[in-house]
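In what follows, a single structure is set out as structure tokens and then discussed.
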Amino acid sequence: MILAISANFSFELEQPNDALLQFEVAELPDQRVIKAQTVITGIEHEARVPGESDLGERIWVRGEGLVKARHSARIEILRSAPVWERLKSVALTEAPADATAYLLDSRYCHPAQFTDFADSQFGAIEPAGARIAAIRDWVTSHVRYTHGVSDSATTSTDTFHQGQGACRDFAHLVITLARACSIPARYVACCAPGVSPQDFHAVAQVYLADPAQRGAGAWHIVDATRMADPEQTAIIGVGRDAGDVSFLTSFGPMRFVSSEVSVIAADSPGNTGYPRGVGEPEAAAA
């Protein structure tokens with residue numbers, strides 16, 4: 001699957017200030033960057049650093065006034081959708097260090113609060129992949145997809161009780177329930193053509209057995225909003241939760257101005273250009 005992606009956004013720094021950006025699609029074994037270009041204007045300094053778990057890159061920028069960022073890319077997605085009923089768990093004592101970190105509480109995800117609920121609701125379901133599918137289905141049926149009802153302080157516990165939220169809230173709740181079942185789970189910033197309204201998107205990834213390699217584990221995409229097909233999802237970055245991988249984090253006064261994101265399946269009939277759709281951004285201020 002080939003995806004054509006464009007992302008343009010702008011923000012205003014009210015005084016000389018630093019901001020951390022992460023919005024470019026990452027080069028990964030299961031997704032190949034065919035061609036990409038990024039242009040950032042209105043800054044006096046730019047520096048790149050690895051993203052969380054060394055996945056993708058973050059961009060430090062410093063400037064004052066209006067800053068504009070533009071990114072376009074053609075991406076080949078090489079992964080297949082998981083067959084949940086066939087995926088077993090990986091023994092925690094054999095999990096790699098980076099997976100272990102995604103079992104613990106984080107800023108927006110508090111699995112310790114859900115241990116009893118997760119055990120009673122999902123604990124008897126085997127194998128672990130089927131348990132994740134059940135968690136996904138539960139979140140889909142109990143949380144209504146709604147913009148504007150959550151903010152940068154909303155946790156998965158809030159979403160559980162409110163029963164509504166945006167993509168980041170769905171991802172946080174899936175992550176929390178998976179961790180409560182002792183399955184490593186992490187937050188994924190991404191793009192996908194099925195997202196409506198079109199915008200940067202968020203899904204979860206869980207660490208389960210790798211069907212292609214006996215005895216090994218792999219990260220598998222799960223989206224309770226049902227808008228992102230793993231075979232058509234371009235990953236930008238990962239983290240413990242949204243706090244680790246916001247596309248824009250300002251370290252001083254900042255005013256967000258605009259965002260425009262387009263993702264199309266470029267190898268589908270009739271899709272040869274780069275049409276654009278406007279969505280609602282999710283930026284974070286430190």
Side-chain angles (χ1 to χ4, degrees), residues 52-53 81-146 149-150 153-188 202-211 214-228 230 238-245:
E52 187 80 12
S53 293
V83 181
W84 296 110
E85 293 73 15
R86 299 179 183 175
L87 295 179
K88 298 181 179 180
S89 60
V90 175
L92 296 184
T93 53
E94 299 175 7
D98 67 333
T100 302
Y102 297 118
L103 283 165
L104 308 176
D105 276 30
S106 58
R107 178 178 176 182
Y108 296 111
C109 303
H110 305 291
Q113 298 178 4
F114 290 88
T115 303
D116 291 342
F117 173 80
D119 184 61
S120 64
Q121 191 78 27
F122 312 110
I125 301 173
E126 292 291 347
R131 196 178 316 146
I132 290 298
I135 289 172
R136 177 202 61 199
D137 294 345
W138 188 94
V139 174
T140 300
S141 62
H142 286 77
V143 181
R144 185 171 71 256
Y145 187 80
T146 312
V149 297
S150 59
T154 302
T155 68
S156 61
T157 306
D158 298 325
T159 302
F160 179 85
H161 292 295
Q162 293 170 1
Q164 56 184 341
C167 59
R168 59 170 273 163
D169 306 305
F170 277 69
H172 283 157
L173 189 50
V174 169
I175 289 165
T176 299
L177 294 175
R179 291 179 187 171
C181 291
S182 299
I183 298 173
R186 64 188 186 184
Y187 183 95
V188 181
V203 299
Q205 270 187 330
V206 294
Y207 191 79
L208 294 172
D210 185 349
R214 185 179 178 85
W219 289 101
H220 306 275
I221 290 174
V222 52
D223 183 14
T225 72
R226 303 303 183 99
M227 293 192 291
V238 303
R240 294 165 299 176
D241 53 37
D244 284 342
V245 69

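- Across Ala95 and Thr100, no two heavy atoms sit closer than the pair O-OG1, 4.1 Å.
- Both tests pass for Arg168 against the ring of Tyr108: distance under 6.0 Å to the centre and angle within 45° of the axis.
- Residues passing the ring-ring contact (aromatic ring centres under 6.0 Å, His included) test with Phe160 are Phe114, Phe117, Trp138, sequence neighbours excluded.
- At least one donor-acceptor pair under 3.5 Å links the side chain of Arg179 to the backbone N or O of Ala185.
- Of the residues Asp223, Leu173, Thr225, Val222, the one that meets the side chain to side chain contact (heavy atoms under 4.5 Å, CB included) test with Val139 is Leu173.
- In this structure, Val206 and Ala178 approach most closely via the heavy-atom pair CG1-CB, 4.2 Å.
- Salt-bridge check for Arg226 with Asp137: passed, with a basic side-chain N closer than 4.0 Å to an acidic carboxylate O.
- Interatomic distance, OG1 of Thr159 versus CZ of Arg144, reported as 12.5 Å (0.5 Å rounding).
- Taking each heavy atom of Leu92 and Pro184 in turn, the nearest pair found is CD2-CD, 4.4 Å.
- Pro111 and Asp105 make their closest contact through CD-OD1, 2.9 Å (heavy atoms, listed as atom of the first residue, atom of the second, distance).
- The OG atom of Ser150 lies 3.5 Å from the CG atom of Asp169; values are rounded to the nearest 0.5 Å.
- Counting only distance, with no hydrogens or angles, the side chain of Thr155 and the backbone of Asp158 share a donor-acceptor pair below 3.5 Å.
- Taking each heavy atom of Ser53 and Tyr102 in turn, the nearest pair found is OG-OH, 2.7 Å.
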TODO: Let me see the working for Met227 and Tyr145 under side chain to side chain contact (heavy atoms under 4.5 Å, CB included), right down to the final yes or no.
DONE: CA-CA 11 Å; Met227 293 192 291; Tyr145 187 80; 3.6 Å; yes
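- The NE2 atom of His142 sits 14.5 Å away from the CD atom of Gln164 when rounded to the nearest 0.5 Å.
- For residues 111-130, every residue pair satisfying the side-chain hydrogen bond (donor to acceptor under 3.5 Å, both in side chains) rule, not counting sequence neighbours, is listed here: Gln113-Thr157, Glu126-Arg131.
- In this structure, CD1 on Ile183 lies 10.5 Å from CZ on Phe122, to the nearest 0.5 angstrom.
- Here the straight-line distance linking atom CG of Leu103 with atom OG of Ser182 works out to 6.5 Å at 0.5 Å rounding.
- For the pair His172 (side chain) and Ala242 (backbone), a donor-acceptor distance under 3.5 Å is present.
- Between atom CZ of residue Arg136 and atom CG of residue Leu177 there is a gap of 13.5 Å, rounded to the nearest 0.5 Å.
- In this structure the side chain of Arg186 never reaches within 4.5 angstrom of the side chain of Ile175, judged on heavy atoms.
- Remark: the backbone N or O of Ala224 is paired with a side-chain donor or acceptor of Thr140 at under 3.5 angstrom.
- Between Leu87 and Pro127, the closest heavy-atom pair is O-CB, 3.4 Å.
- Tyr187 is not listed as a side-chain neighbour of Ser106, based on a closest heavy-atom distance of 4.5 Å or more.
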